[in-house]
Participant: 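Sharing a structure with you now.
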Amino acid sequence: MATLCYSREMNEIFLSPYNAKNAEEKIYKMWEDSGFFNPDVAMDKKVIDSTSTPFTIVMPPPNANGDLHAGHALFITLEDIMTRFKRMQGFKTLWIPGADHAGFETQVVYEKKLEKEGRSRFGMDPDVLYKEILNFTLENKKNMESQVRSLGASCDWSREKFTLDPDVVRKTQETFVRMWDEGIVYRGKRTINWCSKHQTSLSEVETESIEEVTPFYYFKYGPFEIGTVRPETKFGDKYVVMHPDDKRYADYKHGDKLTVEWINGPIEATIIKDPVVDMEFGTGVMTITPWHSQVDFELAQKHNLDVEQIIDFRGKLMPIAGEFNGMNIKDARPKIVDKLKEKGLLIKVDDTYKNVIKRCYKCNSIIEPQIKDQWFVKMEPLAKMAIESVDKGEIKFIPENYEKIFRYWMNNTIDWNISRQIVWGIPIPAWFKDGESVASIIEPLGGGWTRDTDTFDTWFSSGQWPLMVTDFPNGKDFNNYYPTDVMETGHDLIFKWVPRMVIFGLYLTGKAPFHTVYLHGLVNDAQGKKMSKSKGNVISPLTLTDKYGTDSLRMALIIGNTPGTDLALQETKVKGYKLFGNKLWNITRFVLENTQNFDGKEVPLEGSDEFYIQELNELVENVTREMNDFKFHLAGEKLYHYVWHTFADKIIEESKEKLKSDKPEVVASAQYTLRHSLETSLKLLHPFMPFITEEIWTHIKKEDENMLMVTKWPQK
RNA sequence: GCGCGGUUAGCUCAGUUGGUAGAGCAACCCGUUUACACCGGGUAGGUCACAGGUUCGAGUCCUGUAUCGCGCACCA
């Protein structure tokens, strides 16, 4: 028979303050050894009813290329709170961890490392480079995993997946081939975003559009005046475009040819009339450079115009530039302007012109639009499915306003370039021969095919992540846990990742991969400024957990932090929750010292005890409701308040008198109230502060009780 | 240019369906007679950005303005 009998020895640990460092590693090991992170084990050991409803979260796989940052700590805490809450409520709870090879991101990190060592990826054997990055990534993966553990994540490590696991690679390639077979993927020669430094194309989300003040030059072009910010692209400009309704140029007819003096001598120009020209802008006349501008390229296709490359893929001018051949565009620009000025073709320069320039989101290089054969995904039909799913209410967003942003993006899709000219990624299974392109895992019949050397955009595979980790299409987990429940991730991924997961889920299975998208904000520094290495204001979560314990950081990240809103992480706040942990620790000490002979059985409540038990019931009800509504900031704050200002300040203070009473029923009632309040508080706090609550629990639980992590969530 | 969000106490932020404004930290005063000084008790501090409107009643709903932040964007 299980009885409570608190001995002196058991209390001794509570005589000194809570030592997070000593407790955390031991507690995490106990959890992991129990196997309860894995719902199958929990069911086998009868901790969870095998008929219960599943609750699944897929962890956004952290990049295996460095240390965890504060944002990771936030998402791990949020997802762990959801997971622990549902697990205690008896759901068949599964949180699946992962690690991301993070294609371009990691390659950039590794290239920086090479640079420091005086090496370069260019000229390296691709296989050697790949192996080096793989080793680097696998080493970092271990580091990342141990940091995720240290934050208390109760995820099922037995199911962990890496985005380069062989089955992930194979399935990603199969999806590509299927999309090709079904006409969703095509090979196209189109304008792409080219980073001349990284020597790869990039998708729209991998570029940043930055507004800059750039000199705007007006040049004389025959009888016309044209404006440009990019004189260096103008060598091949032999089409001059104006609006068909523009009366100023009514004398010129579409197709008219005239000879004009230009940079390197006379050039034959052709008049093109097209309504794409804005008559209000500048002089209403423009020349075009189809190879290096998407608008111009579309115009060229429409009118079947010549398309000529001016700038090569290293960002240098080509032979068409004549004397400027081989020059870097940055150096060439002023020289070209000088030459035009000497020739009397420069009319004026506007130094106040604001222009939006696309840059590489990693190295800040100017993105050069180039024409290149790449693999594209047709976005429109896929986006349509995603919008329909949201229309039907199959996917909800927290906070709600992100639904609008999601819809906006889905309604304005551009076909997705999934080819990357880097080695670090999943190879695109495609073959070329005599201008023909075929998607196929194995070489097509006939022989003589050349394999595509490009790799996939990392989002092409991570977009399928919920399917990969549940072992789509026939795995046991896929049947049991797909669709998953909540996708919790940063609001910055509302474009990059969330839509792609929705699209792939719907495309491959007909079902959205999750019903709730919870988006957290960025974690900023104490002043609310974005953390960055260059500003030197980066706060490492590991430094804070070292100093104050993991539970304290978790509380500081959750309380007062509403979904979608950025958070200013202040060390004093973390410190404050360390004090709270200590408070809880000392409450336990008091309760233990004063309930030594108490058997734990329910007794009739005397005096204010009834009121306090009632208040506790209301707390349980409120906290449970708020947790169900994803309002963890409110639930956490209520718990903090209850424990400190009701439990400690009132229940304990008043109990001091009651415990001295000579009426045994008054003493018993007070003891029951103390013990019940403590146990309930620990259970409610466990998802937020798993370590300290579990540590206390091991000292107060009955012999036949299991660890707190799998103890039943309190009910009113 | 278009879109989204914020503007509440010195600082960082909460405030669920409209009902006389809250927390933490900081400040000030008092207190170490045993759970905790990693503490307790108390004090002070806000025309809820501004202007209108709806309402018996608005921090909360509507309109507009200002301002900060973020996102998107093929005007050469």
Side-chain angles (χ1 to χ4, degrees), chain A residues 11 14-18 191 204-205 207-209 211 216-218 226-230 233-234 237 240-242 276-289 293-299 353-356 358 369 399 401-409 412 414 491-492 494-495 521-522 524-530 548 552 555-556 559-562 564-594 622 625-626 629 631 633-634 636-638 640-641 644-645 647-649 652-653 655-656 674:
Chain A
N11 296 348
F14 293 100
L15 293 175
S16 46
Y18 172 61
T191 306
E204 296 307 315
V205 294
T207 66
E208 275 178 340
S209 298
E211 190 175 80
F216 189 84
Y217 305 95
Y218 288 89
I226 58 156
T228 184
V229 289
R230 301 204 62 190
T233 65
K234 295 285 160 193
D237 285 17
V240 54
V241 191
M242 56 209 72
V276 76
V277 176
D278 180 356
M279 289 188 274
E280 307 294 316
F281 184 84
T283 57
V285 180
M286 65 177 188
T287 60
I288 58 168
T289 314
S293 154
Q294 190 181 332
V295 199
D296 294 1
F297 182 69
E298 281 165 17
L299 200 62
Y353 184 73
K354 279 182 195 159
N355 189 32
V356 174
K358 267 193 196 175
N401 64 293
Y402 279 90
E403 183 182 318
K404 275 191 231 164
I405 298 172
F406 182 86
R407 282 176 184 278
Y408 179 84
W409 197 76
N412 295 280
I414 298 173
H491 70 52
D492 53 326
I494 185 72
F495 294 136
L522 265 43
N524 294 324
D525 75 2
Q527 282 76 42
K529 297 269 180 276
K530 196 170 175 172
Y548 304 107
S552 313
M555 287 291 269
I559 293 180
N561 183 16
T562 47
T565 307
D566 295 349
L567 171 81
L569 179 56
Q570 295 174 307
E571 187 167 338
T572 54
K573 193 174 172 189
V574 183
K575 191 181 168 193
Y577 291 109
K578 182 184 185 243
L579 301 182
F580 176 64
N582 187 61
K583 191 78 183 172
L584 187 63
W585 192 252
N586 282 303
I587 286 171
T588 307
R589 177 176 163 192
F590 179 86
V591 173
L592 288 183
E593 280 179 356
N594 289 286
N622 289 333
R625 191 187 58 245
E626 278 157 0
D629 291 344
K631 291 175 180 166
H633 63 294
L634 294 180
E637 193 175 353
K638 280 209 174 76
Y640 176 91
H641 259 87
W644 204 307
H645 300 300
F647 193 4
D649 290 353
I652 286 187
E653 288 309 317
S655 77
K656 288 175 183 172
L674 287 171

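Chain letters run A, B, ... following the sequence lines, proteins first, then strands; residues in each count from 1.
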Participant: Can you check whether A/Asn561 has a side-chain N or O nearer than 4.0 Å to OP1 or OP2 of B/U12?
Facilitator: no
Participant: Tell me the interatomic distance from A/His633, atom NE2, to B/G15, atom C1', rounded to whole angstroms.
Facilitator: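 Answer to the nearest Å: 8 Å.
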Participant: Would you call A/Lys631 and A/Glu637 a salt bridge, using N to O less than 4.0 angstrom?
Facilitator: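 Result for this pair is no, no salt bridge flagged.
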Participant: Among B/C13, B/A76, B/C38, which nucleotide has an atom closest to any side-chain atom of A/Ala568?
Facilitator: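 Nearest to the side chain of A/Ala568 among the choices is B/C13.
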Participant: Tell me: CG of A/Asp629 to P of B/U16, nearest whole Å?
Facilitator: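 A/Asp629 atom CG is separated from B/U16 atom P by 13 Å.
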Participant: Measure CH2/A/Trp644 against C1'/B/C39 and give the value in whole Å, please.
Facilitator: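 A/Trp644 atom CH2 is separated from B/C39 atom C1' by 8 Å.
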Participant: Detail all sub-3.5 Å separations between protein N/O atoms and N/O atoms belonging to nucleotides 67-74 of chain B.
Facilitator:
none

Participant: Whole-Å distance between B/C13 P and A/Leu569 CG?
Facilitator: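 To the nearest whole Å, that distance equals 11 Å.
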Participant: Check for me whether the distance between the ring centres of A/Tyr548 and A/Tyr577 falls short of 6.0 Å.
Facilitator: no
Participant: Could you tell me whether A/Lys575 and A/Glu571 make a salt bridge, using a distance below 4.0 angstrom between a side-chain N and a carboxylate O?
Facilitator: no
Participant: Which whole number of Å gives the distance between the P atom of B/C61 and that of B/A23?
Facilitator: 23 Å
Participant: For A/Lys573 and B/C13, give me the distance from atom NZ to atom P, rounded to whole Å.
Facilitator: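 Computing the A/Lys573:NZ to B/C13:P distance gives 9 Å.
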Participant: Does atom CD (A/Glu211) have a neighbourhood of more than 12 heavy atoms from anything else shown, all under 6.0 Å?
Facilitator: yes
Participant: Scan A/Val277 against the nucleic acid and name what it touches under 4.0 Å (heavy atoms): base, sugar-phosphate only, or nothing.
Facilitator: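 Base, at least one base atom sits under 4.0 Å.
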Participant: Using a cut-off of 4.0 Å on non-hydrogen atoms, how would the nucleic acid contact of A/Asn401 be classed: base, sugar-phosphate, or nothing?
Facilitator: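 If one applies the 4.0 Å heavy-atom cut-off, A/Asn401 turns out to touch the sugar-phosphate alone, with no base involved.
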Participant: With distance as the sole criterion, is a donor-acceptor pair present between the side chains of A/Ser655 and A/Asn594 under 3.5 Å?
Facilitator: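 Note: A/Ser655 and A/Asn594 side chains miss the donor-acceptor criterion.
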Participant: Once you round it to whole Å, what is the distance between P of B/G40 and CZ of A/Phe580?
Facilitator: 12 Å
Participant: Look at the rings of A/His641 and A/His645 and say which category their plane angle falls in: under 30° parallel, 30 to 60° tilted, over 60° perpendicular.
Facilitator: tilted
Participant: Considering only the P atoms, how many Å lie between B/G1 and B/G19, rounded to the nearest integer?
Facilitator: 38 Å
Participant: Would you kindly give the CD-to-P distance between A/Gln570 and B/A23, to the nearest whole Å?
Facilitator: 17 Å
Participant: Base, sugar-phosphate alone, or nothing: which one does A/Asn355 contact when heavy atoms must sit under 4.0 Å apart?
Facilitator: sugar-phosphate
Participant: Contact class for A/Thr191 vs. all strands (heavy atom < 4.0 Å): base, sugar-phosphate, or nothing?
Facilitator: nothing
Participant: Which heavy atom of A/Arg230 sits nearest to which heavy atom of A/Pro369, and what is that distance?
Facilitator: NH1-CD, 4.3 Å
Participant: Of A/Arg625 and A/Leu567, whose closest RNA chain B nucleotide lies nearer the 5' terminus?
Facilitator: A/Leu567
Participant: Within a strict 4.5 Å, meaning less than it, do heavy atoms of the A/Val285 and A/Val240 side chains meet?
Facilitator: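 Yes, close enough: below the 4.5 Å cut-off.
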Participant: Taking only the P atom of each, what is the distance from B/C62 to B/G18 in whole angstrom?
Facilitator: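 Going atom to atom, P in each nucleotide, I get 11 Å.
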Participant: Side chain of A/Asp278: nearest nucleotide among B/A14, B/U16, B/A76?
Facilitator: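 The nucleotide sitting nearest to the side chain is B/A76.
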Participant: Going 5' to 3' through nucleotides 26-36 of chain B, assign each nucleotide B (protein heavy atom under 4.0 Å from a base atom), S (under 4.0 Å only from sugar-phosphate atoms) or - (no protein heavy atom that close).
Facilitator: ---------BB
Participant: For B/U8 and B/A14, measure between their P atoms and round to the nearest Å.
Facilitator: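 Roughly 11 Å separates the two P atoms.
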Participant: Using atom C1' in both nucleotides, what's the gap between B/U55 and B/G59 to the nearest angstrom?
Facilitator: 16 Å
Participant: I'd like the P distance from B/U60 over to B/G15, given in whole Å.
Facilitator: 14 Å
Participant: Taking side chain as C-beta onward, heavy atoms only, is A/His491 less than 4.5 Å from A/Leu522?
Facilitator: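 A/His491 reaches A/Leu522 side chain to side chain.
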Participant: Please report the distance separating the P of B/A26 from the corresponding atom of B/G40, rounded so that it comes out in whole Å.
Facilitator: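 Between the two P atoms, the distance is 13 Å.
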Participant: Base, sugar-phosphate, or nothing for A/Leu634, non-hydrogen atoms under 4.0 angstrom?
Facilitator: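 Sugar-phosphate contact only - A/Leu634 comes under 4.0 Å of backbone atoms but never of a base.
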Participant: Between atom CD in A/Glu637 and atom P in B/C25, what is the gap in whole Å?
Facilitator: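 Interatomic distance, CD of A/Glu637 to P of B/C25: 12 Å.
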Participant: When we call it a touch if two heavy atoms are under 4.0 Å apart, what does A/Gly560 touch: a base, just sugar-phosphate, or nothing?
Facilitator: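 Sugar-phosphate, no base atom in range.
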Participant: If the C1' atom of B/C25 is compared with that of B/U20, how far apart are they to the nearest Å?
Facilitator: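 Straight-line distance between the two C1' atoms is 27 Å.
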Participant: Check whether A/Trp585 reaches the backbone of A/Ser16 with its side chain - one donor and one acceptor, N or O, closer than 3.5 Å.
Facilitator: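 Pair found, side chain donor or acceptor close to backbone of A/Ser16.
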Participant: With Watson-Crick and G-U wobble geometry limited to distances under 3.5 Å, how should the secondary structure of RNA chain B be encoded in dot-bracket form, using | for bases paired to another strand and [ ] for crossing pairs?
Facilitator: (((((((..((((.....[..)))).(((((.......))))).....(((((..]....))))))))))))....
Participant: Please find out if less than 6.0 Å separates the ring center of A/Phe406 from that of A/Tyr408.
Facilitator: no
Participant: Stepwise, does the side chain to side chain contact (heavy atoms under 4.5 Å, CB included) test hold for A/Tyr353 with A/Val229?
Facilitator: CA-CA 9 Å; A/Tyr353 184 73; A/Val229 289; 3.7 Å; yes
Participant: Should the pair A/Lys638-A/Glu626 be classified as a salt bridge under the 4.0 Å nitrogen-to-oxygen rule?
Facilitator: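 Result for this pair is yes, salt bridge flagged.
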Participant: Taking A/Lys578's backbone N and O only, do any of them form a donor-acceptor pair with A/Lys583's side chain (distance below 3.5 Å, no angle check)?
Facilitator: no
